[in-house]
Structures are given as C-alpha cells and as structure tokens.
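Lettering of chains follows the sequences in order, A, B, ..., and the numbering in each one begins at 1.
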There are 2 protein chains.
Amino acid sequence: MTPHTDEGPLVDDIAARIRARIMNGELAIGKPLRQAALAAEFGVSRTPVREALRQLQNGGLIEMQPHRGAVVRVPAPWEVRQAYEVRAELEGLAARRAATRITERQLAELREHNAVLHEAAEREAGGSPATTAANDCFHTVVCVAADNPWLSRMIDRINESFPRNVSSLALAGDERHRLENIRQHEAIIEALTARDPDRADDAMRDHVISSGEHLTAWYERRSQTVFHG
Amino acid sequence: MTPHTDEGPLVDDIAARIRARIMNGELAIGKPLRQAALAAEFGVSRTPVREALRQLQNGGLIEMQPHRGAVVRVPAPWEVRQAYEVRAELEGLAARRAATRITERQLAELREHNAVLHEAAEREAGGSPATTAANDCFHTVVCVAADNPWLSRMIDRINESFPRNVSSLALAGDERHRLENIRQHEAIIEALTARDPDRADDAMRDHVISSGEHLTAWYERRSQTVFHG
DNA sequence: CCATCACTTATTGGATCCACTTCCATGATA
DNA sequence: TATCATGGAAGTGGATCCAATAAGTGATGG
C-alpha cells in the first residue's frame with residue numbers, strides 16, 4: 001500500500017502518511033494510535049513510527065501520554081477560537097503582502113478555485129474532497145503570492161493542527177455558511193485585484209474569523225454530543 | 001552533569017538541553033552535531049538523541065542531511081527579515097490584546113525588567129546572560145498578558161529558531177541600539193499603561209521590526225566574514 | 001605529477017530486543 | 001457483597017545491533 005517511494009527520510013514519509021490519515025478522518029478524533037499497528041500497516045518497524053508520532057505531537061495534532069499511548073487530539077472549542085485569531089492575523093498579513101505582489105496568473109487561479117467552490121455549492125453538500133482541496137488551494141495561492149516562506153510555514157502549522165475533514169464538516173451542513181464563504185472569497189479577490197493592501201487584509205481577516213466562529217460552534221456542539229450524550 | 005531529574009519523557013529533556021547548548025552559543029552556529037558524542041555527554045543511548053535532533057530540525061534550529069549528520073543552522077539574512085516580519089505581526093497582536101488585559105502587577109514587572117536593561121546598558125557591554133534574560137522576560141510578560149496560548153506558542157516557535165546568543169551579540173556592540181531598544185520598551189509600556197491597543201500594537205511592531213533590521217544587518221556582516229573572509 | 005578508483009572508516013537510519021509501566025481481570029478477604 | 005491485592009497481558013521507552021551510505025585514504029595508471 002503506497003510502498004514508500006524513496007524520497008528522503010522514512011520518518012517524514014511515515015509522519016506525512018499518518019497526518020493524512022488523520023486529516024481525512026480515516027483516523028477519527030479521539031482514536032488511540034497503536035505504534036505496532038501503524039508499523040505493521042506501513043510495513044516498517046516501530047522506530048520510525050514512534051519518531052513520526054512525536055513529530056505529530058510537536059505539531060499539536062496528537063497527544064501522547066507516557067506509557068499510555070497516543071490519541072488524535074480533541075481540541076477544546078476555545079482553543080479553536082484562539083488559534084483562528086492567530087490565523088486571521090497571519091493570513092491577513094499574507095493578503096496584505098500579496099496585494100502588491102500577486103500576478104495576473106495567480107489572480108486567475110484564485111477565481112478558478114472560487115468558481116469550483118461556487119459550482120459545488122449549488123450541486124452537492126459541500127464536504128467533498130474536491131471542495132476541501134479548492135478551499136485549501138485558495139489560501140495557498142495567497143500565501144505563495146505573499147512571498148514569505150516563514151509566513152507560509154506558520155500558517156501551515158496552524159492548519160496542520162486541526163483535522164481538515166472537521167473544517168469541511170463544519171461547512172458541509174450549512175448552505176448559508178457556504179455562500180457566505182464564497183462571497184468573502186470574492187471580496188478578497190476584489191481587494192487583491194485592486195491592489196489594495198488594507199482592504200485585502202480586512203477582507204481576509206473577516207473571512208478567517210468568520211470561519212473560526214463557525215468551526216468553534218461546530219466543536220461546541222460536538223463536545224456536548226460526545227461528553228454528555 | 002544535570003543528571004536528568006525525571007520530569008516527563010527523556011527525549012524532551014534531551015531536546016531542551018541541546019537547544020539550551022545552542023541558544024547560549026556553547027554549540028556554535030555551523031557546528032556539526034554527533035549523535036554519539038551527545039549521547040555520551042548526556043549518558044543515554046543514541047535513540048533519544050536522534051529523536052531530539054529531529055525535534056530541533058522540525059523547529060528549524062538545526063539542519064539534518066541524510067547520512068551526513070546535523071549542523072546548527074545558519075539562517076540566511078533575508079530569512080531573518082522574513083521571520084521578524086511575522087514576529088512583528090504576532091507580537092503586535094499580543095501587545096494589542098495585552099493592552100486591555102494586562103494587570104498592574106504585570107505592568108510593574110515590565111518596568112522592572114526594563115529597569116534592569118537600563119541599568120545594564122550604562123554599566124556593561126550588554127551581551128550578558130542577565131540582559132538577555134531581562135529582554136526575554138519583557139516579551140514573555142506581554143505574551144502572558146495577551147492570554148492566548150496559541151499566540152504565545154507561535155511566538156516561541158519563531159524565537160526558538162534563532163540562537164539567542166546571536167540576538168544578544170547583535171545588541172552587544174551597539175550602544176545606540178541598546179538605548180533605542182530601551183526607549184522602544186518604554187513606549188510599549190506607556191501604551192499598555194494607557195490601555196491603548198492601537199498604540200501598543202504600533203509600538204511593539206516598530207520595536208520588533210527595528211530589532212529584526214539590526215539582527216539582519218548583523219547576519220549580513222557575519223555572512224561576508226564567514227563566506228568571503 | 002595528477003586524476004581516478006578501490007578500500008577503509010566513521011556515522012547515520014532502521015530493526016530488534018529488553019525492561020518498565022499501566023491496565024484489566026481474577027480471586028481472596030473482611 | 002464490596003474492596004483490595006495479585007498476576008498476566010498489552011504497550012511504550014530506551015538500549016543495542018546491523019545494514020546502508022558517505023567521507024577520507026592510499027594505491028595505481030595515465
């Protein structure tokens with residue numbers, strides 16, 4: 001199963017694969033992760049798996065208790081809000097920088113990604129991998145246009161701390177939220193097209209904060225279900 | 001030597017100790033790190049050392065080439081500028097949040113730390129551990145007052161990516177820079193005392209950006225010395 | 001005299017082994 | 001019957017072992 005095409009250290013490969021499993025929901029939130037099981041699944045020994053798990057712990061995606069194993073982390077709702085406040089600040093900065101640097105080509109890409117989202121919003125539920133990917137790409141393009149690798153890295157770190165399928169699920173059920181999302185993207189594209197750093201910054205902040213509020217609300221509902229139901 | 005007072009996983013302890021060695025300059029920039037030597041020094045096997053090194057690599061403090069070992073990372077000057085632009089954004093946010101949350105007690109601490117810096121500035125060169133600590137504490141207090149663990153964590157990650165003694169060295173030689181530093185701290189304290197988020201944000205940004213420029217300049221001089229001298 | 005190639009050596013990365021901790025079930029005892 | 005002790009099973013963390021890779025070194029040929 002994806003037999004490890006030798007590209008760099010094994011442990012990074014393993015970490016990436018485990019992260020992917022968590023991101024797409026294959027390894028559900030709260031699920032315990034057995035080193036032996038993962039090692040067997042990937043056809044390697046426990047050593048690189050252990051190191052990979054530690055990497056993921058460092059990134060905040062899982063929790064490890066000594067001698068008790070690792071579990072996919074369950075973020076508290078207020079943590080989501082805190083993280084998204086930071087994300088808003090960083091993505092705002094990215095948009096600000098992008099406004100004076102983005103190319104016509106990249107602007108076209110943004111419109112393309114948003115068109116995919118718009119089309120999907122009318123047709124299906126919205127939680128599909130395609131829409132998740134389009135959403136990711138939208139933000140990635142802005143980051144690339146911002147042309148600051150450190151900034152991109154920091155934003156990535158935040159995103160990698162929350163399972164992606166959860167963010168999608170939060171979008172999935174709410175038609176109104178999806179349309180709001182698309183309109184916010186449009187506002188960002190407009191500001192970038194106008195090469196207006198202040199407006200781009202504001203538009204991006206609004207967008208991220210609003211997403212964060214929806215996600216926080218989702219986690220709050222989920223916490224109630226899990227802990228009291 | 002500091003015989004590992006059992007608090008938590010061994011690998012974290014090792015990572016912290018190696019990081020400390022790098023931060024205070026005991027392990028100089030560009031120096032190769034031998035797993036066996038570190039293991040012997042700490043009285044453990046190579047396994048936890050390897051994991052610790054990988055943690056540090058993840059944090060960006062060292063570089064590891066496969067089968068070629070790890071070296072203390074040499075940041076390029078432009079990287080320093082990029083990182084400090086991000087840091088300015090984050091610390092600005094921290095100051096903004098702190099303005100409406102900071103306690104009188106914490107304000108007093110800020111003044112105290114800055115007094116230490118002021119006193120040291122007149123007396124000695126400025127690169128001492130005490131001044132470094134006071135500088136760190138100043139920013140830490142603001143972060144704590146901001147009351148957002150995610151924000152603190154992100155700022156920490158940036159700071160942990162550059163050996164601390166280097167930042168101090170950049171300060172050490174320049175009397176004018178030291179005084180500028182202290183005045184900027186005063187401006188931040190004033191803004192926080194006035195509970196003015198906008199002013200606090202601006203003052204902190206100015207301060208961090210200015211520090212970043214000095215540090216960048218230091219790295220540029222150093223690069224020339226190392227690579228062409 | 002210099003370039004190249006085989007060989008040696010140092011060092012890393014992954015696998016295996018062992019000890020220790022934790023959890024769970026079973027049974028003894030008040 | 002409830003509670004606590006005890007033993008076993010599962011799983012992790014660290015140590016050790018082995019294979020694979022890359023630098024260094026000396027011999028050989030042009």
Have a look at [X] and say if it touches a base, only the backbone sugar-phosphate, or nothing, with a 4.0 Å heavy-atom cut-off.
X	result
Leu53(B)	nothing
Arg34(A)	sugar-phosphate
Leu33(A)	sugar-phosphate

For the side chain of His67(B), starting at C-beta, report the closest nucleotide among dG11(D), dA22(D), dG14(C). dA22(D)

Does [X] make a side-chain N or O approach to OP1 or OP2 of [N] shorter than 4.0 Å?
X	N	value
Gln35(B)	dG13(C)	yes
Arg54(A)	dG13(D)	yes
Thr47(B)	dG14(D)	no

Round to a whole Å and report the spacing from [atom1] of [X] to [atom2] of [N].
X	N	atom1	atom2	value
Met64(B)	dG13(C)	CE	C1'	9 Å
Arg46(B)	dT11(C)	CZ	P	10 Å
Glu51(B)	dA15(D)	CD	P	11 Å
Arg50(B)	dG14(C)	CZ	C1'	7 Å
Glu63(A)	dT12(D)	CD	C1'	17 Å
Phe42(A)	dG14(C)	CZ	P	14 Å
Leu10(A)	dA20(D)	CG	P	14 Å

Would you call Arg19(B)-Glu160(B) a salt bridge at under 4.0 Å N-O? yes

Test: Glu112(A) and Arg105(A) ion pair at under 4.0 Å: no

Suppose we screen for side-chain contact (heavy atoms from CB on, under 4.5 Å). Which residues come up paired with Asn135(B), at least two apart in sequence or across chains? Leu117(B), His139(B), Leu171(B), Asn181(B), His185(B)

Toward the 5' end of DNA chain C, which comes first, Val11(A) or Pro66(A), by nearest nucleotide? Val11(A)

Quick check: Trp150(B) with Phe162(A) (ring centres under 6.0 Å apart)? yes

For a quick test of your reading: what N or O donor-acceptor pairs under 3.5 Å do the side chains of residues 24-34 of chain A make, sequence neighbours left out?
unit_1	atom_1	unit_2	atom_2	d
Asn24(A)	OD1	Glu26(A)	N	2.9
Glu26(A)	OE2	Arg21(A)	NE	3.3

